[in-house]
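Note on naming: letters A, B, ... go to the chains in the order of the sequence lines (proteins, then strands), and numbering restarts at 1 for each one.
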2 protein chains.
Amino acid sequence: MEQNTEQWLADMLQLMEGDDSKKTEKQLKIIQAATEIFSEKGYSAASTSEIAQRAGVAEGTIFRHYKTKKDLLLSIVGPILAKTVAPLFMRDFAKLLDQPYTQIEDFYRAVLRDRLDFARKNAKILRIVIQELPFQPELLAQVKILFSEHVFARISRIYAHFQAQGQIMEAPSFRVLRFSVTTIVGMVLTHAILMPEISIDDEEEINWTIDALLHGIGKRS
Amino acid sequence: MEQNTEQWLADMLQLMEGDDSKKTEKQLKIIQAATEIFSEKGYSAASTSEIAQRAGVAEGTIFRHYKTKKDLLLSIVGPILAKTVAPLFMRDFAKLLDQPYTQIEDFYRAVLRDRLDFARKNAKILRIVIQELPFQPELLAQVKILFSEHVFARISRIYAHFQAQGQIMEAPSFRVLRFSVTTIVGMVLTHAILMPEISIDDEEEINWTIDALLHGIGKRS
DNA sequence: TTGTAAAGTGAGTAATCACTCATTTTCGTG
DNA sequence: CACGAAAATGAGTGATTACTCACTTTACAA
């Protein structure tokens, strides 16, 4: 399964790719407007007429390119899914782990820095994903497969790697996994989606978060 | 400000209270049906006719009790807000901190146990809150005031307390606060809302989470 | 039992919705 | 320029929406 994963991800990215080159100027405007309005008002509360208006196109133009409103949503949300977890499957990423003495701090630093930037750059789309995922059963099923088949296995191997190196405590991997994923996602979502208006020193926040994740907030002995 | 807070919370809870005693049987049915449908399909995608149908009442009956559909939403979502952070302001809670040698582990254990149960019991309503809060400006403003005026100050004092006792590390309180709130919320949301179908040993998960929060997931020296 | 206010009803309404389609405009190519 | 195809248009459509209101039923105190 693990050999297939890299190919699978390539397909996934290809399949999900926006493929901007083949898109009309007006089509790009539509996607841009729809992204804004979906993230502002939610999918259901957004109307195709308003999207058309903000995009500066006729309403019919939307339906030339997308059969339904849901098609439009999926064309926005779909491409982001694979990209969100893509770094896990990149060659650069594997190399980092192949180096036998990679410090786990450096590993976390790279992940947090990269995903924080990613989340900030795609904040609007991520908001849409978070909002609409619970109400889109097909998409939800797809994501669940993505995680249970690929992401979970990948992260488990990463922790096995660092555990074997004696860099993290010995504990059931699903607990370590749950805790650190919560920490990473919590930190990224807090600063990129929930409270983007609070300005922070990224490097400091990242370093502090890693320190707390590895050594806790209790009094150091 | 701090003296007013207790009174303020009493008012808040009173004001927000469902006050079930004064409600008609059909009105309770409406709230129950609306809660289900809102959490299943989202506020905008839910129709009043479907709510009426599931509640077993005429559509007009809904509008006897609630001027608008949004009124119905707020009557469901409103009462939960104060309750979510209520424990912070309870007398029992203050007592726990007045005892000079309360272990921070015991403190976290009480908080996690209590809020995990709360989130499970109110999972549907909490889902609605999470989904709709970004799209309800008045409600969002209310929540922001709630946190910046009361919750933030309260939690800061708690950490000052434990910091003075030497039970947690010395670091900018906003960082400790952000990290531990993320940890608590992340753990509760994961098991109560995101993945309620995964059965866990609550006590074990709570204890392990507290241990990781205080001492990290790094190798123990 | 009777009077009355509150609770409940459901057909009706104007507005809005996603989507269609006949027509026009734009664009790439020979 | 000429021409065929793709892109874009916007008025039109049936369905659905939140909400109203004239009316009926229920609950309860006198």
A:His65 side chain near D:dA8 phosphate (N/O to OP1/OP2, under 4.0 Å):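 Looking at the OP1 and OP2 atoms of D:dA8, one of them is under 4.0 Å from a side-chain N or O of A:His65.
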
N or O in side chain of B:Lys26 less than 4.0 angstrom from C:dT9 OP1/OP2: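 For C:dT9, OP1/OP2 do have a side-chain N/O of B:Lys26 under 4.0 Å.
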
Hey, are [X] and [Y] close enough for a salt bridge, meaning a charged N less than 4.0 Å from a carboxylate O?
| X | Y | answer |
| --- | --- | --- |
| B:Glu149 | B:Arg154 | no |
| A:Glu203 | A:Arg109 | no |
| A:Glu204 | B:Arg175 | yes |

Between [atom2] on [N] and [atom1] on [X], what's the gap in Å once rounded to a whole number?
| X | N | atom1 | atom2 | value |
| --- | --- | --- | --- | --- |
| A:Tyr66 | D:dA8 | OH | P | 11 Å |
| A:Ile51 | C:dT16 | CD1 | P | 17 Å |
| A:Lys29 | D:dT9 | NZ | P | 12 Å |
| A:Ile62 | D:dA11 | CD1 | P | 16 Å |

Residue pair B:Glu59 / B:Thr48, side-chain donor-acceptor N/O under 3.5 Å: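 B:Thr48 and B:Glu59 do have a side-chain donor-acceptor pair below 3.5 Å.
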
Side chain of A:Ala58 (C-beta onward), nearest among C:dA7, C:dG10, D:dG10: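 Comparing C:dA7, C:dG10, D:dG10 against the side chain of A:Ala58, the answer is D:dG10.
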
Base-contact (B) and sugar-phosphate-only (S) positions in nucleotides 16-28 of chain D, heavy-atom cut-off under 4.0 Å, - elsewhere: -SBBB-B------

Polar side-chain atom of B:Arg120 near backbone of B:Ala192 as donor-acceptor pair, under 3.5 Å: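 No, because the side chain of B:Arg120 does not come within donor-acceptor range (under 3.5 Å) of the backbone of B:Ala192.
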
A:His150 and A:Phe89 aromatic ring geometry - parallel, tilted or perpendicular at 30°/60° bounds: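 Ring orientation, 0 to 90° scale: perpendicular.
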
